[in-house]
Amino acid sequence: MATFSRQLLSGSTNGREIPVAATATPGTAIHTAVTGTTNFDELYIWASNVTATAATLTIEWGGVTDPGDHITKAYSIPANSPPIPIVTGQVLNNGLLVKAFSGTASAINLGGYVNRING
């Protein structure tokens, strides 16, 4: 029987938002998935734009190849937005990385959590 445990995004400090500082690939580190291939991380990530101008967001999912490793590419996040769901339960494992970059440095904050599924 599988067990679930809620985890913070590994790029977060104490559950705080992660500012997307990178403006190109490779992006700002958001999360490193669980190692191995028998367990999974189910990710939930929200994006908010903390500036007065719309900004684009690209999330690199397990690699940096365009377009195969992009879960979103140049997605426009409106100015002064509340948190918008971006990743809604997609899974990753084997130590792969989730990274993000924006057209505007530090305009977008990412927050969320991981359900770690063991077994």
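Because the structure is a prediction, the values reported are computed rather than measured. Reckoned from all heavy atoms, side chains included, excluding hydrogens, waters and symmetry mates.
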Nearest heavy-atom pair of Ala2 and Ile117: which atoms, and what distance? CB-CG2, 4.1 Å
Where do Val87 and Thr72 land on the side-chain contact (heavy atoms from CB on, under 4.5 Å) test, with the steps shown first? CA-CA 9 Å; Val87 177; Thr72 62; over 6 Å; no
Worked check of side-chain contact (heavy atoms from CB on, under 4.5 Å) between Ile18 and Asn109: CA-CA 5 Å; Ile18 304 166; Asn109 286 342; over 6 Å; no
Using side-chain heavy atoms (C-beta onward) and a distance below 4.5 Å, is Thr53 in contact with Thr104? no
Is any side-chain heavy atom of Thr56 closer than 4.5 Å to one of Tyr75? no
Indicate the atoms forming the closest heavy-atom contact of Lys99 with Ala29, along with that distance. CG-CA, 4.1 Å
Consider only side-chain N and O atoms of Ser12 and Glu17, and report whether a donor and an acceptor are under 3.5 Å apart. no
Between Arg116 and Thr32, what is the shortest heavy-atom contact and its length? NH2-O, 4.4 Å
Do Trp46 and Ile84 have side-chain heavy atoms sitting under 4.5 Å apart? no
Ignoring hydrogens and geometry, is there a side-chain-to-backbone donor-acceptor pair from Thr37 to Asn94 under 3.5 Å? no
Determine, using the 4.5 Å side-chain heavy-atom cutoff (strictly less than), whether Trp61 and Val114 are members of one ILVMFWY cluster. yes
Scan residues 8-44 for pairs that pass ring pair (Phe, Tyr, Trp, His ring centres under 6.0 Å), counting only residues two or more places apart or in two chains. Tyr44-Tyr113
With a 4.5 Å cut-off on side-chain heavy atoms, are Ile30 and Leu43 touching? no
Would you give the length of the straight line joining atom CG of Asp41 to atom OG1 of Thr35, rounded to the nearest 0.5 angstrom? 9.5 Å
Could you tell me whether the side chain of Glu42 reaches within less than 4.5 Å of the side chain of Gln90, counting heavy atoms only? no
Counting N and O atoms only, with roles assigned by atom type, does the side chain of Asn39 sit under 3.5 Å from a partner on the main chain of Gly119, one being a donor and the other an acceptor? yes
Output yes when a side-chain donor or acceptor of Asn49 lies under 3.5 Å from a complementary backbone atom of Ile108, and no otherwise. no
His70 and side chain to side chain contact (heavy atoms under 4.5 Å, CB included): which partner among Thr65, Ile59, Thr25, Thr58? Thr58
Taking side chain as C-beta onward, heavy atoms only, is Leu92 less than 4.5 Å from Val98? yes
If you compare all heavy atoms of Ile86 against all heavy atoms of Ala47, which two are closest, and at what distance to 0.1 Å? CG1-CB, 3.6 Å
State whether the side chain of Ser48 and the backbone N or O of Ser81 hold a donor-acceptor pair below 3.5 Å, judged by distance alone. no
Do the side chains of Ile71 and Leu57 join up, straight or via other hydrophobic residues, at under 4.5 Å, putting them in one cluster? yes
Donor-acceptor pair, Thr28 side chain versus Ala21 backbone, under 3.5 Å? yes
